[in-house]
Structures are given as C-alpha cells and as structure tokens.
Amino acid sequence: MIRQGSHARRSLIGAARELRKRETTAERVLWAMLRRQALFGFKFRRQHQIGEFVVDFYCAELKLAVEMDGKGHLGELQAKLDVRRTEELQHLGLTILRFENEDAVVNPSFVREQISRVIGELKRLRTPNGA
C-alpha cells in the first residue's frame, strides 16, 4: 500500500470537495438513489478518499465502491489507468462496480438493480446464516 504524507491527503480531500461541487448529471441521478440509506439501509458517501484514490460513491460497511465513467474513460490510456485503479482498490478488499454515465441517465432502473444485486450478495457474504 502506498503511504501518503499529510499534504497528499489534504490535496485529495480538496479534490473530493471540488468533485462534489462539479458532479455530473449521472452522479446526481445515482446519488439520489444512494443517499439517505435508500438501498437496503446502507450508507454511501460521495467522492470518498480511499488510499490514493477518490471513488465516486462508497459504502464502508460493505466495502463497495461505485464508479461512474464518462466519455473521458473511453481512451486506451484511461482504460489502462482504470484497470490499475480497480486492481489496487480490490487489493484493499473493495468490490468495485463501474457504470457508464449514460447508463445512469438513460436506464437508472438497470443501475439500481445491479447495485441492489451486489449489495444483496455482499450482505449474504457478511452474514453467517445468509439472513
């Protein structure tokens, strides 16, 4: 794991604040689904710092990150960076879900169903009797 100095942490916290201010339409749609413990009562945070990254949405209790990918994620270089980022977050024990921005705007019920399915799976894994 990469250790960060306090300056790097403050820089990421500032970046997260800026990202919250400049959220995309897709992020607004998804946040409306996730806020106030709307899915199975689990709390999500927006633009949350984990290690050297800021993830779009994060549920600490389930160690679940949901990432929204806009057009900037279509290029080959960004795709490689996204793979590295996902691998590093998974190494920290997180489950990562990725959606294209268009999915949340055009078909939010699909995104909600996918997130709900994964929450259900993670919830069953956490509970010894699957309840």
Side-chain angles (χ1 to χ4, degrees):
M1 182 157 101
I2 299 171
R3 293 189 171 252
Q4 297 178 355
S6 62
H7 177 69
R9 282 191 297 274
R10 281 193 303 273
S11 176
L12 276 177
I13 291 168
R17 283 188 187 121
E18 273 304 306
L19 288 168
R20 282 191 292 273
K21 289 178 188 175
R22 297 183 294 119
E23 69 185 350
T24 65
T25 300
E27 289 170 340
R28 275 192 298 280
V29 168
L30 190 55
W31 183 235
M33 283 184 225
L34 299 175
R35 69 188 301 189
R36 297 190 183 113
Q37 302 174 347
L39 291 178
F40 297 108
F42 289 99
K43 179 181 180 176
F44 279 83
R45 296 180 179 114
R46 290 185 301 158
Q47 304 302 338
H48 183 73
Q49 179 189 352
I50 299 171
E52 66 179 280
F53 304 107
V54 175
V55 296
D56 293 330
F57 301 96
Y58 181 63
C59 175
E61 191 174 351
L62 295 172
K63 296 184 92 174
L64 172 63
V66 180
E67 295 277 71
M68 300 304 299
D69 295 340
K71 292 181 181 179
H73 291 263
L74 297 176
E76 187 177 334
L77 175 60
Q78 187 59 49
K80 288 179 182 178
L81 292 172
D82 286 344
V83 167
R84 177 186 159 265
R85 172 188 176 94
T86 296
E87 288 171 350
E88 289 193 30
L89 290 168
Q90 288 172 330
H91 181 73
L92 295 173
L94 276 63
T95 299
I96 313 299
L97 285 176
R98 296 191 91 86
F99 297 98
E100 293 182 17
N101 281 352
E102 187 174 326
D103 291 334
V105 175
V106 175
N107 196 355
S109 60
F110 166 78
V111 173
R112 182 183 175 89
E113 288 170 16
Q114 296 303 308
I115 295 170
S116 295
R117 180 184 56 78
V118 170
I119 287 174
E121 290 171 8
L122 292 172
K123 187 178 173 183
R124 279 189 293 280
L125 289 174
R126 289 175 10 143
T127 310
N129 64 3

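The analysis underlying the following values was restricted to heavy atoms, covering all of them including side chains, and did not include hydrogens, waters or symmetry mates.
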Salt bridge check: are E52 and R84 linked by an N-O gap of less than 4.0 Å? yes
Distance check, rounded to the nearest 0.5 Å: [X] atom [atom1] versus [Y] atom [atom2]?
X: L94; Y: Q90; atom1: CG; atom2: CD; result: 8.5 Å
X: E61; Y: F40; atom1: CD; atom2: CZ; result: 13.0 Å
X: E67; Y: L97; atom1: CD; atom2: CG; result: 10.0 Å
X: L64; Y: L89; atom1: CG; atom2: CG; result: 11.5 Å
X: F42; Y: Q37; atom1: CZ; atom2: CD; result: 9.5 Å
X: R85; Y: F53; atom1: CZ; atom2: CZ; result: 6.0 Å

Donor-acceptor contact present, side-chain K63 to main-chain L92, <3.5 Å: yes
Expected output: side-chain D56 to main-chain Q47 donor-acceptor under 3.5 Å: no
Flag for R112-S109: side-chain donor and acceptor within less than 3.5 Å: no
Are L34 and V105 connected into the same hydrophobic cluster when the rule is that any two of I, L, V, M, F, W, Y join if their side-chain heavy atoms are below 4.5 Å apart? no
Sub-4.5 Å side-chain heavy-atom contact between [X] and [Y]:
X: P108; Y: M33; value: yes
X: F57; Y: E27; value: yes
X: V66; Y: L30; value: yes

For atom CD of E102, is the number of surrounding heavy atoms from other residues, nucleotides or ligands below 6.0 Å larger than 12?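 Atom CD in E102 is not packed in, count stays at 12 or less.
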Between K123 and L125, is the side-chain contact (heavy atoms from CB on, under 4.5 Å) condition met? List the steps. CA-CA 5 Å; K123 187 178 173 183; L125 289 174; over 6 Å; no
Stepwise salt bridge (Lys or Arg N to Asp or Glu O under 4.0 Å) test for R98 and D82: CA-CA 10 Å; R98 296 191 91 86; D82 286 344; 3.4 Å; yes
Let me know which of I115, N107, D69 forms a side chain to side chain contact (heavy atoms under 4.5 Å, CB included) with F99.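 So the option named by the test is I115.
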Could you walk me through whether S116 and I119 satisfy the side-chain contact (heavy atoms from CB on, under 4.5 Å) test, starting with their C-alpha distance in whole Å, then the side-chain angles of each, then the deciding distance to 0.1 Å, before giving a yes or no? CA-CA 5 Å; S116 295; I119 287 174; 5.6 Å; no
Can you give me the closest heavy-atom contact between N101 and A26, atom names plus distance? O-CB, 3.4 Å
